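Single-structure report; data block below.
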Number of protein chains: 2
Amino acid sequence: MNDVAREAGVSLKTVSRAVNGVPTLDPALAERVFAAIRTLGYRRNELAATLRSTASTATIGLIIGDMRNSFYSSVAAGTYEIAREHGTHLITASAEEQVELEQELALALCQRRVDGLLIFPAVGDQSYLQPEMDLGTSVVFLDRPGTGVSADSVRLDNVAAAHTLASMVLEEGHRRVGLLLDTLEVLTIRERLDGVRAAFEEAGMTLDDRLISTTAHDPEAATKATVAMLDLDDPPTAFIGKNNRAIIGIVDALVTRGARARVVGFDDFEMSRFLPRPVTLASFDVVELGRRGATRLFDRIAGSAGEPTTERLPFTIVQRGSYR
Amino acid sequence: MNDVAREAGVSLKTVSRAVNGVPTLDPALAERVFAAIRTLGYRRNELAATLRSTASTATIGLIIGDMRNSFYSSVAAGTYEIAREHGTHLITASAEEQVELEQELALALCQRRVDGLLIFPAVGDQSYLQPEMDLGTSVVFLDRPGTGVSADSVRLDNVAAAHTLASMVLEEGHRRVGLLLDTLEVLTIRERLDGVRAAFEEAGMTLDDRLISTTAHDPEAATKATVAMLDLDDPPTAFIGKNNRAIIGIVDALVTRGARARVVGFDDFEMSRFLPRPVTLASFDVVELGRRGATRLFDRIAGSAGEPTTERLPFTIVQRGSYR
DNA sequence: CTGTTAGCGCTTTCAA
DNA sequence: TTGAAAGCGCTAACAG
């Protein structure tokens, strides 16, 4: 910048003003500065610019579970969209649902002075964020609330979606309903179970514990659990899958066994129309989850005050599968 | 940092040394510094640290086409994996295959002083990168080479994969083969066409222009083009799809028409086993593409010299679909 | 092994 | 409207 000032025959500060587009600068001077910049091939150092400045670093961090999972990459797409509108860079990191790793990554991002953090909190304690938040870093939780700190969150309306799916199945006359879930440590899963349970209670029924699997982490595990339920004396006539991968596992089991059963579940996916059995899915707009989270974060970064809020995204019911 | 020094009763530099883990520091002094850090809640500013230092910013940039596309998000996953091993942050940006946007994003990342850039170059000219590379920013191109600059690239062996698929179909006795491609402006597509053409020539045959579609951008367009070919007097008995989305479109057309045809193509995907027709796919390890690109980039950042290299990832042939 | 001084590239005073 | 000086938070260089 000094070289540019010398070349243009102006002071350092005038170069700074030109580069920052300060309107009170004489256009003739500005043009001389830009000419010098071109001849010298000067590149402004954005990092240095934020050092003295009270302005932000124009960078936010996103901590997700797993980049290969389309759920998370869709959220990242929505987040990026909003970040781009704000001229902000997005640093994405993957914590693999481990809270220690999440903490390490979040603190590293804070050391990098990100303006804000969007986090899918892992099972565990997020109180490590409190000092960072006190120091001015904004935080928004996605999909589930953090533990031990109070911050904004944007979530899915799991209870209502689960209630709707379960009511539908019960109204169709099914009485034996198998649930393919994951560990109940995860709030999202508990919410989905709660919604189903509420629908059962409204119908004057109770859930059979033997028809609740909490091990359907992936398609293969879901298949195994489904097969086990089909082998019961009084097997389910309907199944509810906790997400797209559970649905795949259920359908796989049914096809392999040549069994017929009603299948419903959560999350739509691109290939769902090719499922060889008809399925009904409660679908959430996951890209919108990323957009809303980022929008809330930028509100806070811009200084929006007030108590932490919780936003819940609605769902839609879609019919898929039974391709022949 | 000054406050910490005062609190610990040492000099600024000693705090710096403690924070950086300089081994020649008296452990007793270091402990006093850390105690002061804890009581004051001091957070090191990584951005300021890289200002004076000749060291890197420990950040790399990745410019992809579209975050929602699993092809790109898989590459991002592989890139992140390697970046993490190097203690480096990953800033991801999406240029939507537009070269002007790509240039804007790449230059913005250079202003942020990323150590290196991984780019899926859009159709157009990448010579805008030359000044940045001269200034020391490393660049590696993914999936296709950049135009107008010479840099490392990691690519897929499209020609060989296309040749193998086409030879397979011809050996099975098919003589009318429909190609569902995208615009030939994209090198990857041209390579795939070249591989098919070579296989045809080896078999003493030529491609029928009416059986080459260059409009199969998405599943719907692929379906349309497939239907048009099926309506010809002498319709294809086999189809080659340019990627997973083209395959979906082809299968959709066949199922809707109740038509039988051999289907082969590029790229495996999670749901391919549920396709209602048997398909043979040439599958590339896309996560590995991200890993290799990042590995090459870190080699260059570490100072590895030499002429730009081109690496090509191999493919594997997999059988999918025909689920009942 | 520790401290002092200068300076990274830029912005913020505040005076002219 | 422009410029000089000071300083952001840290590290490099060189003494001691």
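Computed from a prediction, not measured in an experiment: that's the story for all the values here. Atoms considered below: every heavy atom in the structure, side chains included; atoms not considered: hydrogens, waters and symmetry mates.
Side-chain N/O atoms of A/T14 include one lying less than 4.0 angstrom from OP1 or OP2 on D/dG3.
B/T309 is linked by a side-chain hydrogen bond (donor to acceptor under 3.5 Å, both in side chains) to B/D152, B/R296, counting only residues two or more places apart in sequence or in another chain.
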Item to check | Under 4.0 Å protein heavy-atom contact, by nucleotide of nucleotides 7-16 of chain D - B base, S sugar-phosphate only | outcome: BBBSBBB---

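Screening residues 79-107 of chain A for salt bridge (charged side-chain N to carboxylate O under 4.0 Å, His left out), with sequence neighbours left out, gives A/E81-A/R291, A/E81-B/R68, A/R84-B/E104, A/E97-A/R144, A/E104-B/R84.
Contact annotation: the side chain of A/L109 approaches that of A/I63 to within less than 4.5 Å [non-hydrogen atoms, C-beta and beyond].
Separation of atoms CD (A/Q111) and CG (A/L107) is listed at 7.5 Å; rounding is to 0.5 Å.
In terms of modelled atom types and a separation under 3.5 Å, the side chain of A/Y80 and the main chain of B/A93 share no donor-acceptor contact.
Here C/dC8 presents its C1' atom at 13 Å from CG of B/L47, a figure rounded to the nearest Å.
B/L29 comes within 4.0 angstrom of sugar-phosphate atoms only, judged by non-hydrogen atoms across all strands, and of no base.
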